[in-house]
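Here the structure is laid out as C-alpha cells; the discussion comes afterwards.
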There are 2 protein chains.
Amino acid sequence: MDKVKEILAAALKLFVEYGFHGTPTSKIAQEAGVANGTLFHYFKTKEDLVIALYIDTKTRLAQHLIDNALPENTLKARLKNRYSQVMYWALEHSTEFRFIQQFHTSPFLSRLSAEEMYRQMKPDLDLIEEGIATKIIQPRPVDFIFSLFFNHINGLHQYLIHANLSTTEQNKLIEDTFDLLWGMII
Amino acid sequence: MDKVKEILAAALKLFVEYGFHGTPTSKIAQEAGVANGTLFHYFKTKEDLVIALYIDTKTRLAQHLIDNALPENTLKARLKNRYSQVMYWALEHSTEFRFIQQFHTSPFLSRLSAEEMYRQMKPDLDLIEEGIATKIIQPRPVDFIFSLFFNHINGLHQYLIHANLSTTEQNKLIEDTFDLLWGMII
DNA sequence: ATCTTTGTAGAGTGATTAGTCAATCTAGCA
DNA sequence: TGCTAGATTGACTAATCACTCTACAAAGAT
C-alpha cells in the first residue's frame, strides 16, 4: 500500500536523524501523515518496522545492482561494476546507506535471520569464490575478502561525502580505488 | 571516583547490548550498584554520559597506542605498529571497540566537538602526512588515506571475531593484511 | 442488498523514562 | 567537637512511550 511506503520513508528519515529508540512511533506516524493505529496495523511492533525497513532498503540496493549488472564479462569487470554501482547508489541514497550502517552496528543486527543475511551476501560471495576457483584471486577465506571489500566501500563513501569533489573526480576516484583494492586481492 | 568508573563500565556493557536509547539510566545505575541520583550527580544528562563514555574509551585506546609505540623507527614500522596495536586492543576489548563503532554510526557523533575529533585523529594524520612529505606514501588527501586505514581495521576486526583463529594465525594475518594495505598507499 | 474483510483513525492506557529533590551520610578541617 | 562541602540515596514526578481498542469507512464478494 501507499501508506506502508510513507511509513517506511518517514521511519528511514527519522531513524537516521535521531536513532532507533530515539524516534517514537508517534513521530513516525505523524511524519508519514497517518494515524498511530495505522502504523501498528502494518507493523506488529516497532522492532518489526526496523527489520522490515532494513530488508526493504537492502532489497532496493540489490535491485539497483541487478538492474546495472554486466553479466557477460570478465570477473574483474563484473566485480568492479558491482563495487562502483554500490558506491553510486550509496552516494545518491546517502540516508539509506547511513541507515544500513547504523543497523549493522546496532543490536538489531542479531535479530536478522542467518538465511536473510546469507541471501544478501550471496551474489558477492559467489563472485569471490569464482575468482578463487579460477585462480584469479588469491586463496583466502571468502568472508575475509568480503569483509575487506565491504569496509573499503564504507571508507571511500565516508571520504566522498565529506570531501566536495565534482562528479568526474568522484568517478575517477572510485575507479582508481577499486584498482587499489583489486591489487590487494590478486 | 570509583563510582564513576562503575557507571561507565555498566553503561558500556548495556549500551553495546541494548543500544543507547534502549538502555534506561535506571538499569545503568542498578548494574553499577549505585543509586539513580548518583548517576545524575556525575553526569548531568544521559547524553553527557554517552559522550563521556566515548571520550573515555577512545582515550584508553590512545593510551594503549602510546604505551606500545616504537618512536625510533622507519615510518612503515611505526605505521605498522600502530595498525597492529589497534587490532590487538580491539580484539582484547571487543565490547569497547563495538561501542566505538556504534557511536560512530549514531546521531551522537555530531555532538562531538570538531576539536575533540581532530585531537583523536591527529597522531595518525601526522604519520600519513610525514609519509607523503618524505615521498614514501603517494600524494592523496590525508583524510582519504585515513578513512581507508580506519575502515580496513574495521574489516579485519569484523572477520577476526567471527573466524576462530589461533593467536599465531591471527597475528600473521594482521601482519599480512597490513602489508596489503601498505602496498595500496605507496 | 447484505455480509465480510481490510484499511484507517485517534483517543485511551498502563508502563516506563529521564531527571529532581530533600534528606542523610561521610570526611576533612578548624 | 562542630562545621562545611561534597557524596549518596531512593522516593517522586511529569512527560513520554509502545501499543490497544473501538468505531467507522470503503470495497469487494455472494
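Naming: A, B, ... by sequence-line order, numbering from 1 per chain.
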Do any side-chain nitrogens or oxygens of B/Thr38 fall under 4.0 Å of OP1 or OP2 in D/dT9? yes
Phosphate OP1/OP2 of C/dT6: any A/Tyr42 side-chain N/O under 4.0 Å: no
Parallel under 30°, tilted from 30 to 60°, perpendicular over 60°: which one fits the rings of A/Phe103 and A/Phe108? parallel
Can you say whether the rings of B/Tyr83 and B/Phe149 are parallel (under 30°), tilted (30 to 60°) or perpendicular (over 60°)? perpendicular
In one Ile/Leu/Val/Met/Phe/Trp/Tyr side-chain cluster, 4.5 Å: B/Leu75, B/Ile128: yes
Nearest of D/dA18, C/dG19, D/dT9 to any side-chain atom of B/Thr45? C/dG19
Salt bridge flag under 4.0 Å for residues B/Glu175 and B/Lys80: yes
Between C/dG7 (C1') and A/Asp2 (CG): distance, integer Å: 13 Å
Go nucleotide by nucleotide along DNA chain D from the 5' end; which of A/Gly22 and A/Gly37 gets its closest nucleotide reached first? A/Gly22
Just how far, in rounded Å, is P of C/dT16 from CD of B/Gln30? 13 Å
Check this one for me: any side-chain N or O of B/Lys3 less than 4.0 Å away from OP1 or OP2 of D/dT9? yes
In this structure, how many angstroms lie between the P atom of D/dT8 and the CD atom of B/Glu6, rounded? 11 Å
note: B/Lys27, atom NZ; C/dA18, atom C1'; distance rounded to Å ~ 14 Å
Please state whether the rings of A/Phe99 and A/Phe15 are parallel, tilted or perpendicular, taking 30° and 60° as the class boundaries. parallel
Without decimals, in angstroms, what is the distance between A/His41 NE2 and D/dT22 P? 17 Å
In whole Å, what is the span from the CZ atom of A/Phe43 to the C1' atom of D/dA18? 15 Å
If you only use heavy atoms from C-beta on, which nucleotide in D/dA18, C/dG10, C/dG19 is closest to the side chain of B/Lys46? C/dG19
In whole Å, I'd like the distance from the CG atom of B/Leu14 to the P atom of C/dT17. 12 Å
Which of the following nucleotides, C/dG10, C/dT17, D/dG10, is nearest to the side chain of B/Ala35? D/dG10
Closest to the B/Asn36 side chain: D/dA18, D/dC19, C/dG19? C/dG19
Distance in angstrom units between A/Phe20 CZ and D/dA18 C1', rounded: 17 Å
